[in-house]
4 protein chains.
Amino acid sequence: MSDHRSGPVRSAAAREAILDATAALFDRVGYDHLTIEGIAREAGVGKQTIYRWWPSRGALVAECLVGRRLFPDFDVPDTGDLLADLDTWLDTVLGVIEAPSGGDLLRSLVAAAAEDPAVGGHLSEGLGIERSLAARLAAGVRAGQLPVDTPAPQLGEAILGAVIVQSLGRSDDHAALRRLVRFLLRSPTADA
Amino acid sequence: MSDHRSGPVRSAAAREAILDATAALFDRVGYDHLTIEGIAREAGVGKQTIYRWWPSRGALVAECLVGRRLFPDFDVPDTGDLLADLDTWLDTVLGVIEAPSGGDLLRSLVAAAAEDPAVGGHLSEGLGIERSLAARLAAGVRAGQLPVDTPAPQLGEAILGAVIVQSLGRSDDHAALRRLVRFLLRSPTADA
Amino acid sequence: MSDHRSGPVRSAAAREAILDATAALFDRVGYDHLTIEGIAREAGVGKQTIYRWWPSRGALVAECLVGRRLFPDFDVPDTGDLLADLDTWLDTVLGVIEAPSGGDLLRSLVAAAAEDPAVGGHLSEGLGIERSLAARLAAGVRAGQLPVDTPAPQLGEAILGAVIVQSLGRSDDHAALRRLVRFLLRSPTADA
Amino acid sequence: MSDHRSGPVRSAAAREAILDATAALFDRVGYDHLTIEGIAREAGVGKQTIYRWWPSRGALVAECLVGRRLFPDFDVPDTGDLLADLDTWLDTVLGVIEAPSGGDLLRSLVAAAAEDPAVGGHLSEGLGIERSLAARLAAGVRAGQLPVDTPAPQLGEAILGAVIVQSLGRSDDHAALRRLVRFLLRSPTADA
DNA sequence: TACTAACCGAGACGGTACGTCGCGTCTTCAC
DNA sequence: GTGAAGACGCGACGTACCGTCTCGGTTAGTA
């Protein structure tokens, strides 16, 4: 007895080549200008092999995103000093997206998220917002550095959102973002 | 003194028709699926007339944006109650982007901003963030409802950013956004 | 042994439809006004399918020409009476090119030949000059009705050339052409 | 009493510039690729000035043709030796149309004649067929070197036609044309 | 001398066609 | 019986010219 079907099984090599090609081209040319034919060419694969397994360009990008093929990990350290840790994270993130064509990378991802729900659903996750940023904020709450009712996930998304809005505006104001973070984390009692 | 050249002058009728068509199609089909040929057809205009005056699809959208042809005005009332006013604004905004294909509208705009610097440069402005939201926050500062060092523009962009991130994630959590706003506006002395 | 590549094969149906459409449109609208887009539309085919296989509009016309899709066959009978046979041929040819828009047909073909070497190379052949006219002249030589050193192919081309020159001049002088043919075939000994 | 209209009169300078530009561009790029806008640009003239005075591209070319701006004069000498004179003429003509892009010149002219009646009507004339070739043949008739009933104009056109047909075929067979001329001029009594 | 109408350059306009690229589907052949 | 290769109908791209039109500036002639 066997529920194995006959014939070759999905080619893992092809799958890898396709995802690698997607990530490489996404990096090189951005989301618009990312084409199925280009991916197939780059991966040495037939178009049909792509269409067989992924419904859309966006689904490919989404899979690259969750597979961490697109961005480095943006981890937030935990030294105990919440503000300093967030500054470190901000430096890392801004460092990447200000690198030559790094901003294009973030904007490309936003474009992909806007166009394709599959990408959108993994945007925060793919950038490590929940895993790192919100987690660090939650740790800050536990440590008493933030109010107990702090909505950590939303706060993380607001910070990410501020970075995105600034990137969309092609502006590049580190100081403003630092000021924002400082304001967001202001100690409610410190001013009292 | 004269930098006038002779010859026919730019047709105002064509310009209007093109911008109207752009806004109408943007609404109807979204940013991807928005084509120059479609705009020309809708406007009853030759393609070349578009290419003569605008360098890209994005530039057209940007001009619609600054000309307030794309979104209703998202004004923030000023009743004296900052939190209530922001709730009102949030209701308005979320009401629009949750309308059938309203979310598509915001996401389309984000896609346009990601692709084209001209749109990006006018994103906040076109949504009235500076004019209305940041201005209301600044008024709150003057009224003593927010700390004097509140970075109002950045705070406005963070709120917009949170809305955008949520929209990109195709989530729809009013309550979370309200909680965020409440948290952001928490009175530093109220908790003391 | 194999220079076969894998993959789909050229569609015979598309090829037929394209050539038919080309011939039909050539007839209907002439060589200028013959457009690739028009052919594609008429044939129910994508433009790219045309560009994939033919380098130019002229190449299409040339292929119609050699495939005898453009002109009826201009055969020269052989009754033994050379002069009468040529008169018959002349009647046929002039009958066609004087039909409403028949002259346009010949001139269109000349225009195509002038613009595109592929057409030019098949002009005489496509009109049956070598196959019919020159062959009949050669038969006349063998029958002693023309000198043995008669350059039959060139003579055929000269007759065709006279028809073409007259057609280009939009003149319509049957009698002159008959006189010319009579003169060209004048028996060297008959006058002695 | 006066039917003079007021205002400036047609600019001779513009007319000259346009015809010169037409001839120059015809030479340089051929009849197809000859555009009204290109002529206007080359001549430093507004398009409307062209459309005001000429109905079509062909009319411009025709006027260049009759104004002898396009071809050198193809004169036939008259040394008394008809055959030698025609050989000389043939050498001249073939020399021009075999020059680099000289064949393009003749073919361009044929294309123009095929497309535009105005050009067609002046083709023979513009090439000097009637004025020179037919006249020389007629002189040959008068000198008894050709039969008295020789249709000189048609014979001239047949010779021109043979040259054209050969040029359209992109062939280049001097000897064949010489043989043809020899045959056409064969003395009817010499063989007797 | 001033008026005025036609000509001039320049070029914007609504169009049509160009030749190219990518889409998503379908078909063939080799492994 | 999968997977590469790629042809297919389709639609949009951005460009070149078409022939018409509208400008401001520049001449002639009247008046």
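Below, chain A is the first sequence line, B the second, and so on; all start at residue 1. Note that these values count all heavy atoms, side chains included, but never hydrogens, waters or copies made by symmetry.
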>> In this structure, how many angstroms lie between the C1' atom of E/dC8 and the CD atom of D/Glu16, rounded?
In response: 17 Å
> Looking across every strand, which nucleic acid part, if any, lies under 4.0 Å from A/Gly38 by heavy atom: base, sugar-phosphate, or nothing?
Replying inline: nothing
> Separation of C/Leu60 atom CG from E/dA17 atom C1', in whole Å?
Replying inline: 15 Å
> Counting N and O atoms only, with roles assigned by atom type, does the side chain of D/Arg107 sit under 3.5 Å from a partner on the main chain of D/Leu105, one being a donor and the other an acceptor?
Replying inline: no
> Between atom CG in D/Asp32 and atom P in F/dA16, what is the gap in whole Å?
Replying inline: 17 Å
> Taking atom C1' of F/dC13 as reference, at what distance in whole Å does atom CZ of B/Arg41 sit?
Replying inline: 13 Å
> Okay, side chain of C/Arg57, backbone of C/Leu34: is any donor-acceptor separation there less than 3.5 Å?
Replying inline: yes
>> Under a plain distance cut-off of 3.5 Å, with no hydrogens placed, do A/Tyr31 and A/Glu115 share a side-chain donor-acceptor pair?
In response: yes
>> Quick check on DNA chain F: between C/Ala12 and A/Gly44, whose nearest nucleotide comes earlier from the 5' end?
In response: A/Gly44
>> Side chain of A/Ser11 only, heavy atoms from C-beta on: which candidate in F/dG3, E/dG11, F/dA5 is closest?
In response: F/dG3
> Within this structure, what is the CD1-to-C1' distance between B/Ile39 and F/dG11, rounded to whole angstrom?
Replying inline: 15 Å
> Tell me: CD of C/Glu37 to P of F/dG9, nearest whole Å?
Replying inline: 15 Å
>> If I compare all heavy atoms of D/Leu19 with all of D/Cys64, which pair ends up nearest, and what's the gap?
In response: O-SG, 3.5 Å
> Given E/dA17, E/dT20, F/dC8, which nucleotide is nearest the side-chain atoms of C/Ala14?
Replying inline: F/dC8
> Can you tell me how far P of E/dT25 sits from CZ of A/Arg52, to the nearest Å?
Replying inline: 12 Å
> Between F/dC8, E/dC8, E/dT20, which nucleotide has the shortest distance from any of its atoms to the side chain of C/Lys47?
Replying inline: E/dT20
> Where the side chain of B/Tyr51 is concerned, which of E/dG9, F/dG14, F/dC18 is the nearest nucleotide?
Replying inline: F/dG14
> F/dC17, F/dC8, E/dC26: which one has an atom nearest the side-chain heavy atoms of C/Thr49?
Replying inline: F/dC8
> Quick one: which of E/dG15, E/dC18, E/dG22 gets closest to the side chain of B/Gln48?
Replying inline: E/dG15
> So which one's nearest nucleotide on DNA chain E is more toward 5', C/Leu34 or B/Val45?
Replying inline: B/Val45
> How long is the line joining CD1 of D/Ile50 and P of E/dG9, in whole Å?
Replying inline: 9 Å
> Roughly how far, to the nearest 0.5 Å, is CG of C/Asp20 from CD of C/Glu42?
Replying inline: 9.5 Å
>> Need one value for A/Arg57: base, sugar-phosphate or nothing, where a base atom within 4.0 Å counts as base even if backbone is also close, heavy atoms only.
In response: nothing
> Nearest of F/dC8, F/dC17, E/dG24 to any side-chain atom of C/Trp53?
Replying inline: F/dC8
